[in-house]
Enquirer: 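Here it is: the structure, laid out below.
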Amino acid sequence: MILEKIKSEGVAHLSYMIIDGNMAAVIDPRRDIDVYLDLAWQQGANISHVFETHRNEDYVVGSQALAQATGARVFHGQGGKVEHAEPVKEGQQFEIGKARLSVLETPGHTFDSISLVLADTTFSDDPIAVFTGDTLFIGDVGRTDFYPDRREEMGAKLYDSIFNKLLPLGDGVQLYPAHGAGSVCGSGMADREFSTLGYERRNNPMLQLRRDEFIKTKAEEHHYQPPYFRKMEELNDKAPGGRALPQVKAASPQQFAELVETGMLVLDLRTPEAFCGAHVPQSLALPSDVLPGYIGWLVTYDDELGLVTDDPASLEDELRGLYRLGYENVMAYLVPGTTAWEASGEDYATIPTLSAGALKKRIDDREDFVLLDVRTLEEYESAHIAQARHLYLGHLPDQMDELPRDKPIVTFCGSGKRAAVAAALLRRQGFSRVENCLGSMSAYQNLGYATTTK
């Protein structure tokens, strides 16, 4: 019996493949399904079952694409209404060779959430692992805010699912959630991706709370819901088929400039330092590791996109990341990069940068400027500069008019990456006196400067 974990960087999504003999099952597949097909081929197995632990909001699932490619049956919790899957209920069992998957209904994150309990029937019917979807994470538990008027109810369901169904499986049972650290589906997940139910029972902060405390905490929890979540729900109700990545044209500087003239939105995927040093005018900075969490706030599905990267070898990974989020309207990428753009004679733009030390001096000198902190509310309340104005990056496009245009603005975040995105957004809307504090909070604290809390 083989158990493979497949991680999708960016959205920090975890899917799983169980193979025994010539049979295989996939749990929570991503949209680009080649990895599952390749694993099945390498092991001489046929993918016969595909399971969805819930309807996902943060990425496009690959269930339908896998079903089309392999003839596999797709299963989903009976609380959900999805067109492409068969509903399953508590107690149903599925044999994958000697592996047995049993369904637990574990609502709370969503009404249709299920967990799948794995047993190796060669030795015993006892569970050895459980796939918990977004019900129980390593170091955290699932969100319950997708039903705003039913937060207490969902918090209660989540608690009962965890304490009455999952933890009784046994302390030694291995835990396999659908997301890891960095996902928008939770804020306190551990960096590691291995644990047991017993370890979580003893050490997961959320599992130390009494039932009433747990429900109250979940009801009062603050999460952001990017607009693209609605698009993901729409797509995942039907689960798009097909498996080919979009074909993207390599464009010379002249060709790229012509596309920009016709309205193509340029996404610059480079580092903040590179972007601020020189970029195609009116570009939107979206460093690769920031893109998955914020593109859904800033880019519509109707936008025609052009990509800028100085590492052509990374282009396929960038396209996969966009594809998993439903962005397929990529028109071109600039070759061989910004150096060629500059050498072609095309105009380029820059954004001034500011060190943490220089920022502190401006504050001490009482200069008149706006320090714009675009981190999450949780980050801001845990530590911020007293003079900073908080405006979450995802909300910036809709709240930009609240900022003065007659004062310099210094953008600020945890490292300078999200600050670069904010600076680019402001420049695109005509704010001319914008600077990015490279290093931002990390640098400010490393220099020993004082911050304040909530």
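Counting from 1, the numbers follow the sequence of the chain as shown.
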Enquirer: Tyr323 ring centre to Arg31 NZ or CZ under 6.0 Å, with the angle to the axis within 45°?
Expert: yes
Enquirer: Apply side chain to side chain donor-acceptor pair (under 3.5 Å) to Thr338 and Asp310, showing your working.
Expert: CA-CA 7 Å; Thr338 49; Asp310 283 339; 3.3 Å; yes
Enquirer: Could you tell me whether the side chain of Glu367 and the main chain of Ile363 form a donor-acceptor pair under 3.5 Å?
Expert: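 Not confirmed, Glu367 side chain does not pair with Ile363 backbone.
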Enquirer: Could you state the interatomic distance from CG (Leu104) to OG (Ser113), rounded to the nearest 0.5 Å?
Expert: 12.0 Å
Enquirer: Can you confirm whether Val374 sits close enough to Val421 that some side-chain heavy atom of one is under 4.5 Å from a side-chain heavy atom of the other?
Expert: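 Sidechains of Val421 and Val374: no contact.
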Enquirer: So, Arg143 and Asp134, do they make that salt bridge, N to O below 4.0 Å?
Expert: no
Enquirer: Applying the salt bridge (Lys or Arg N to Asp or Glu O under 4.0 Å) criterion to Asp364, which one of Lys360, Arg366, Lys361, Arg362 satisfies it?
Expert: Lys360
Enquirer: Could you check whether Glu402 and His395, counting side-chain N and O atoms only, form a donor-acceptor pair closer than 3.5 Å?
Expert: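 Glu402 and His395 do not have a side-chain donor-acceptor pair below 3.5 Å.
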Enquirer: Show the nearest heavy-atom pair for residues Leu167 and Leu197, with the distance to one decimal.
Expert: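 Closest heavy-atom pair between Leu167 and Leu197: CD2-O, 3.9 Å.
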Enquirer: Do Val61 and Arg30 come within less than 4.5 Å of each other through their side chains, counting heavy atoms only?
Expert: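 A side-chain contact under 4.5 Å is absent here.
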Enquirer: For Pro404 and Ile409, work out which heavy atoms get closest and say how close.
Expert: O-CD1, 3.8 Å
Enquirer: Evaluate the side-chain contact (heavy atoms from CB on, under 4.5 Å) criterion for residues Met206 and Asp140: first the C-alpha distance (whole Å), next the side-chain angles of each, then the deciding distance (0.1 Å), finally the verdict.
Expert: CA-CA 6 Å; Met206 288 300 299; Asp140 199 4; 3.8 Å; yes
Enquirer: Looking at Arg320 and Glu316, is any side-chain nitrogen of the basic one under 4.0 Å from a carboxylate oxygen of the acidic one?
Expert: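 Arg320 and Glu316: salt-bridged.
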Enquirer: Between Tyr294 and Tyr392, how do the two ring planes meet: parallel, tilted or perpendicular, split at 30° and 60°?
Expert: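 Geometry flag for Tyr392 against Tyr294: tilted rings.
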Enquirer: Ignoring hydrogens and geometry, is there a side-chain-to-backbone donor-acceptor pair from Tyr59 to Ala12 under 3.5 Å?
Expert: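 No, because the side chain of Tyr59 does not come within donor-acceptor range (under 3.5 Å) of the backbone of Ala12.
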Enquirer: Are the side chain of Ser283 and the backbone of Ala285 linked by a donor-acceptor contact shorter than 3.5 Å?
Expert: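 The answer is no, because no donor-acceptor pair under 3.5 Å joins these two groups.
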Enquirer: Going by an N to O cut-off under 4.0 Å, is there a salt bridge joining Glu234 and Lys231?
Expert: yes
Enquirer: Return yes when atom CZ of Phe163 has more than 12 non-hydrogen atoms of other residues, nucleotides or ligands closer than 6.0 Å, and no otherwise.
Expert: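 More than 12 heavy atoms, drawn from other residues, nucleotides or ligands, come within 6.0 Å of this atom.
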Enquirer: What distance do Glu435 atom CD and Leu372 atom CG have between them, rounded to the nearest 0.5 Å?
Expert: 13.0 Å
Enquirer: Checking side-chain contact (heavy atoms from CB on, under 4.5 Å) against Leu267, which of Val308, Thr309, Leu307, Val330 comes through?
Expert: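 Output: one option passes, namely Leu307.
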Enquirer: What's the spacing between Leu325 CG and Ser8 OG if we round to 0.5 Å?
Expert: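 These two atoms lie 10.0 Å from each other.
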Enquirer: Measure from the side-chain N and O atoms of Arg427 to the backbone N and O of Thr350, and report whether any donor-acceptor pair falls under 3.5 Å.
Expert: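 Here the side-chain-to-backbone pair exists.
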Enquirer: Would you mind listing every side-chain hydrogen bond (donor to acceptor under 3.5 Å, both in side chains) that reaches into residues 146-166, with sequence neighbours excluded?
Expert: Glu90-Lys165, Arg150-Glu153, Asp160-Arg211
Enquirer: How long is the span from the CG atom in Leu39 to the CD1 atom in Ile33, to the nearest 0.5 Å?
Expert: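 Here the interatomic distance stands at 12.5 Å.
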Enquirer: Return the minimal non-hydrogen interatomic distance between Met264 and Leu305, and the atom names on each side.
Expert: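 In this case the closest contact between Met264 and Leu305 is CG-C, 3.6 Å.
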Enquirer: Can you find a heavy atom in the side chain of Leu425 that is under 4.5 Å from one in the side chain of Leu393?
Expert: yes
Enquirer: Are any side-chain N or O atoms of Lys218 and backbone N or O atoms of Gly142, one a donor and one an acceptor, separated by less than 3.5 Å?
Expert: yes
Enquirer: Can you check whether Ile162 reaches Thr132 side chain to side chain, under 4.5 Å on heavy atoms?
Expert: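 Not in contact.
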Enquirer: Would you name the heavy atoms of Leu265 and Arg428 that are closest together and state the gap between them?
Expert: CD1-NH1, 3.5 Å
Enquirer: Does Glu273 have more than 12 heavy atoms from other residues, nucleotides or ligands lying within 6.0 Å of its CD?
Expert: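 Yes.
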Enquirer: Any chance you could lay out the side-chain contact (heavy atoms from CB on, under 4.5 Å) test for Leu14 and Tyr176, step after step, and finish with the verdict?
Expert: CA-CA 8 Å; Leu14 302 172; Tyr176 293 106; over 6 Å; no
Enquirer: What do the steps show when you test Glu381 against His222 for side chain to side chain donor-acceptor pair (under 3.5 Å), and what is the final call?
Expert: CA-CA 12 Å; Glu381 290 182 343; His222 180 272; over 6 Å; no
Enquirer: Taking NZ, NE, NH1 and NH2 as the nitrogens, is one of them in Arg55 or Asp112 under 4.0 Å from a carboxylate oxygen of the other?
Expert: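 Salt bridge between Arg55 and Asp112, a charged N being under 4.0 Å from a carboxylate O: no.
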Enquirer: Working to the nearest 0.5 angstrom, can you tell me the gap between Leu426 CG and Phe431 CZ?
Expert: 5.5 Å
Enquirer: Within a strict 4.5 Å, meaning less than it, do heavy atoms of the Leu175 and Tyr199 side chains meet?
Expert: no
Enquirer: With a 6.0 Å cut-off on ring centres, are His384 and His390 close enough?
Expert: no
Enquirer: Do any N or O atoms from the side chain of Thr135 and from the backbone of Thr106 form a donor-acceptor pair under 3.5 angstrom?
Expert: yes
Enquirer: Test side-chain contact (heavy atoms from CB on, under 4.5 Å) on Glu105 and Gln78 and set out the steps.
Expert: CA-CA 9 Å; Glu105 294 180 5; Gln78 64 178 347; 2.7 Å; yes
Enquirer: Please check this pair: side chain of Asp268 against backbone of Leu284, looking for a donor-acceptor N/O pair closer than 3.5 Å.
Expert: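 Pair absent, no side-chain N/O of Asp268 close to backbone of Leu284.
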Enquirer: Please tell me if the side chains of Phe146 and His109 come closer than 4.5 Å, counting only heavy atoms from C-beta onward.
Expert: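 SC-SC contact between Phe146 and His109 confirmed.
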Enquirer: SG of Cys276 to CG of Leu438: how many Å apart, nearest 0.5 Å?
Expert: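 Nearest 0.5 Å value for the SG-CG distance: 5.5 Å.
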Enquirer: Check whether the side chains of Asp302 and Thr300 place a donor and an acceptor atom closer than 3.5 Å, and report yes or no.
Expert: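 On atom types as modelled, these side chains do not qualify, holding no pair under 3.5 Å.
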Enquirer: Are a donor atom and an acceptor atom from the side chains of Ser440 and Arg375 found within less than 3.5 Å of each other?
Expert: no
Enquirer: Report yes or no: does Gln92 contribute a side-chain atom to a donor-acceptor pair with the main-chain N or O of Lys89 at less than 3.5 Å?
Expert: yes
Enquirer: Ignoring hydrogens and angles, tell me if any N or O in the side chain of Asn436 forms a donor-acceptor pair with the backbone of Gly416 under 3.5 Å.
Expert: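 Judged by distance alone, yes, a pair lies under 3.5 Å.
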Enquirer: Is a side-chain N or O of Tyr16 found less than 3.5 angstrom from the main chain of Asp28, in a donor-acceptor match?
Expert: no
Enquirer: Going through the distances and angles, do Leu118 and Leu101 end up as a side-chain contact (heavy atoms from CB on, under 4.5 Å)?
Expert: CA-CA 5 Å; Leu118 175 65; Leu101 288 172; 4.0 Å; yes
Enquirer: For Thr451 and Ala383, work out which heavy atoms get closest and say how close.
Expert: OG1-CB, 3.9 Å
Enquirer: Heavy-atom distance under 4.5 Å between the side chains of Leu396 and Leu298, does that happen here?
Expert: no
Enquirer: Check whether the ring centres of Phe131 and Phe51 lie less than 6.0 Å apart, and answer yes or no.
Expert: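 Centroid distance Phe131-Phe51: not below 6.0 Å, so no.
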Enquirer: Give the ring-plane orientation class for His179 versus Phe137, where under 30° counts as parallel, over 60° as perpendicular and anything between as tilted.
Expert: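 If you compare the ring of His179 with that of Phe137, the planes turn out perpendicular.
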Enquirer: Are Asn329 and Asp303 side-chain neighbours, meaning at least one heavy-atom pair lies under 4.5 Å?
Expert: no
Enquirer: Testing the basics here: between Asp373 and Ala388, what is the closest heavy-atom pair and its distance to 0.1 Å?
Expert: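 Between these two residues, the closest heavy atoms are CB-CB, 4.2 Å.
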